[in-house]
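Note sheet for the following structure.
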Amino acid sequence: MIAAMMTLTVLGSLLGLLLSLAARYFQVPSDALREDIMELLPGVNCGQCGYPGCGGAADALVAGTAAPTLCPPGGAALARALAAKLGRALDVSAGPPLLAEIDESLCIGCAHCGKLCATDAIIGAPKQIHVVLQEACTGCGVCVDVCPTECLRLRPQKPTFESWCWPKPALAGV
Amino acid sequence: MRLHDFRGGVHPPSRKHLSAGRPIESLPLPSRLHIPLQQHAGAPALPVVTVGQQVGKGELLAREQGVTSAPLHAPSSGRIAAIGEFTAPHASGLPLPTIILDTDGEERWAEREPPADPFALSPEEVAHRVGAAGIVGMGGANFPAAVKLSKARQAGVHTLVINGAECEPYVTCDDQLMRERAGEIADGIAIMLHALQAPHAVVAIENNKPEAVEAMSDACRHDARIEVLSLPSRYPAGSAKQLIQLLTGLETPAGGRGTDTGLLVHNVGTAYAAHRALRHDRPLISRIVTVSGGAVPEPRNLEVPIGALAADLLAYCGGVSDERARLLMGGPMMGQPLPGPQVPVIKGTNGILALTPDEIGEAVEPSPCIRCGRCVDACPMGLLPLELSKRARGEDWEGIQALGLNDCMSCGSCAYVCPSHIPLPQYFAYARGMLAAQRREEQKARRTRELMEQRQARFERQERAKAEAAAQRRAAKKPRTAVLEADED
């Protein structure tokens with residue numbers, strides 16, 4: 001009986017040791033989620049989120065210290081994709097998307113804003129009135145801060161014939 | 001041909017007696033016409049005229065852009081007053097790019113090629129001429145007719161269905177067209193059969209229009225390929241998919257087209273326009289519009305130049321007698337509520353209605369869904385409107401698509417029978433709009449990524465170019481200094 005107990009004890013401890021060694025030396029770094037998130041992010045390291053590049057943003061998202069809405073160039077579509085990937089609720093209280101607009105009566109053509117735009121959405125030359133292409137603008141607001149005449153503003157988008165849709169019926173119950 | 005049946009549907013009061021049997025009258029030419037560049041499914045037309053230019057009647061104003069598009073022609077002679085924005089005949093009341101034509105009243109035709117015998121032309125050429133005349137589906141879908149004809153010929157369609165069902169209440173323009181111009185329609189059908197190379201055509205007319213059935217039967221008697229059928233009246237028998245089901249018992253597959261069943265459906269107005277284009281070389285510049293409703297003193301069927309304002313039509317019919325009247329373009333089931341009378345008639349406009357509050361019914365506050373299932377019985381597409389609206393209310397966009405939102409054609413049968421007065425089609429329209437907005441956002445996110453990558457690549461290119469230029473300068477400098485040193489030696 002003692003022989004049987006000894007055999008089992010030795011066998012158990014040996015296998016346990018083997019398992020703990022395997023866990024230590026064959027460990028796969030668990031950054032599959034981070035890689036998936038890197039796939040979703042724009043990947044140009046613009047730094048508008050406040051983290052050092054898209055890698056830093058992905059780390060913060062995995063760690064849970066950043067909201068899925070952190071990426072201004074990605075817009076609502078990216079926020080939705082990130083929230084779905086991370087299984088987190090999306091805070092959509094932000095209201096309608098805002099886009100940059102230039103007040104042409106105030107623009108002096110200093111050409112500061114165009115250099116900063118991450119999507120080249122601002123067109124203009126020195127001493128010429130600049131204009132924002134709404135199709136390319138992401139509403140990140142970087143240009144607003146550098147404008148010396150405060151002619152750049154973020155404004156809600158006007159509905160167009162293509163973007164207009166019926167409003168949700170405002171009803172008591174259904 | 002033995003008739004089959006489609007599921008669901010409703011029997012709204014037809015109220016066609018208001019304008020039925022009234023002969024087609026021409027609207028006096030308005031002094032100004034507003035022709036929106038987007039009157040058809042697909043890309044908007046591109047203007048080829050300039051402001052101030054004199055144009056003849058039927059002259060090309062804007063050409064098609066891309067395959068699915070249609071050209072526009074001058075509905076009358078005159079001067080182009082402006083190319084700008086004008087309110088669209090659409091519930092949003094938003095403007096669309098529009099050509100504004102000041103008519104001179106001369107009705108001077110632009111010089112056009114003399115028409116050739118359409119049956120001597122190749123089927124491709126006939127379809128091309130139908131497209132060049134700017135003909136779009138006149139039943140309201142506004143899909144370019146030439147594209148439909150060529151695609152259907154390639155798909156090997158065996159039967160052309162001419163849709164004279166006109167199941168929408170009030171509207172009688174197709175009825176009157178068939179009564180008065182049956183011979184022209186029959187000729188248009190023969191031309192379309194030639195373009196399709198199809199052996200058989202069926203003219204399908206609801207049995208609440210016996211005069212039209214008789215006129216069409218008389219006109220098609222000489223042509224054995226064309227059969228005229230009288231259908232039982234039930235809304236929405238005039239919808240292409242339901243019409244195909246009535247005639248063949250075949251259901252159009254979800255996401256598919258009617259041509260998948262071997263049939264092609266065209267409106268009677270389209271057949272008439274094809275006759276005008278191929279026999280008389282007249283582009284599509286006018287159409288028959290029913291002006292009706294309880295608030296219209298003299299309901300009429302009018303032949304109207306494209307671009308005339310709804311206000312012009314209403315004024316000719318005695319004005320709007322009730323200031324609370326609601327204006328609609330199209331029928332009461334699927335028509336567009338208009339933002340006001342100052343909107344133009346387009347190629348797909350079959351009716352302008354001014355409905356009194358009595359006709360619309362009192363605005364009843366919707367009450368909660370009692371899950372009676374009447375909407376399920378009424379849905380001609382076999383969907384579950386109550387479940388769809390629940391998803392739309394809860395903004396479950398994946399769920400609503402899984403339940404077949406894309407198959408819904410907004411016929412409004414569900415709302416018509418709902419005892420709780422729930423505006424079901426508005427929920428579906430809202431869901432469609434939200435899904436479209438999501439698709440646009442995703443597209444924009446992809447585009448943003450591309451733009452940022454391109455910018456990054458440009459910076460790298462510039463850096464490289466700078467480094468290369470600096471290296472070249474250094475390389476250029478060295479031999480010169482070497483030479484100088486040699487001189488000093």
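Naming: A, B, ... by sequence-line order, numbering from 1 per chain. Quantities reported herein were computed from a predicted structural model and do not represent experimental measurements.
- No close placement of the Phe143(B) and His40(B) rings is indicated, their centers lying 6.0 Å or farther apart.
- Atom CZ of Arg153(A) sits in a sparse spot, with 12 or fewer heavy atoms from other residues, nucleotides or ligands closer than 6.0 Å.
- Within a 6.0 Å radius of CD in Gln462(B), more than 12 heavy atoms belonging to other residues, nucleotides or ligands are found.
- With chain B as partner, the option from Ala81(A), Ala121(A), Cys137(A) having the largest number of non-hydrogen pairs under 4.5 angstrom is Cys137(A).
- If you measure heavy-atom distances from Glu442(B) to chain A, the contacts under 4.5 Å come from both the backbone and the side chain.
- Among Lys444(B), Arg458(B), Gln38(B), Met434(B), the residue making the largest number of heavy-atom pairs under 4.5 Å with chain A is Lys444(B).
- Looking only at heavy-atom pairs under 4.5 Å with chain B, the residue among Ala118(A), Ala136(A), Ser163(A) that has the most is Ala118(A).
- Side chains of Thr119(A) and Arg447(B): no donor on one and acceptor on the other come within 3.5 Å.
- Checked options Val343(B), Thr349(B), Val345(B), Ile352(B); the residue passing with Pro89(B) is Val343(B) (criterion: side-chain contact (heavy atoms from CB on, under 4.5 Å)).
- Among Ala437(B), Ala91(B), Ala436(B), the residue with the largest count of heavy-atom pairs under 4.5 Å with chain A is Ala91(B).
- Looking at Ser420(B), neither its backbone nor its side chain comes within 4.5 Å of chain A, counting heavy atoms on both sides.
- Contact count against chain A (heavy-atom pairs under 4.5 Å) is highest for Met452(B) among Met452(B), Glu441(B), Glu395(B), Glu450(B).
- Only the side chain of Arg440(B) comes within contact range of chain A, with at least one heavy atom under 4.5 Å from a heavy atom of that chain.
- Contacts of Arg446(B) with chain A are absent, with no heavy-atom separation under 4.5 Å from either backbone or side chain.
- Contact between Glu101(A) and Arg155(A) at its shortest, heavy atoms only, is OE1-NH1, 3.1 Å.
- Interface residue Ala392(B): only backbone heavy atoms are found under 4.5 Å from chain A.
- Ring centers of Tyr430(B) and Trp397(B): under 6.0 Å apart, within the cut-off.
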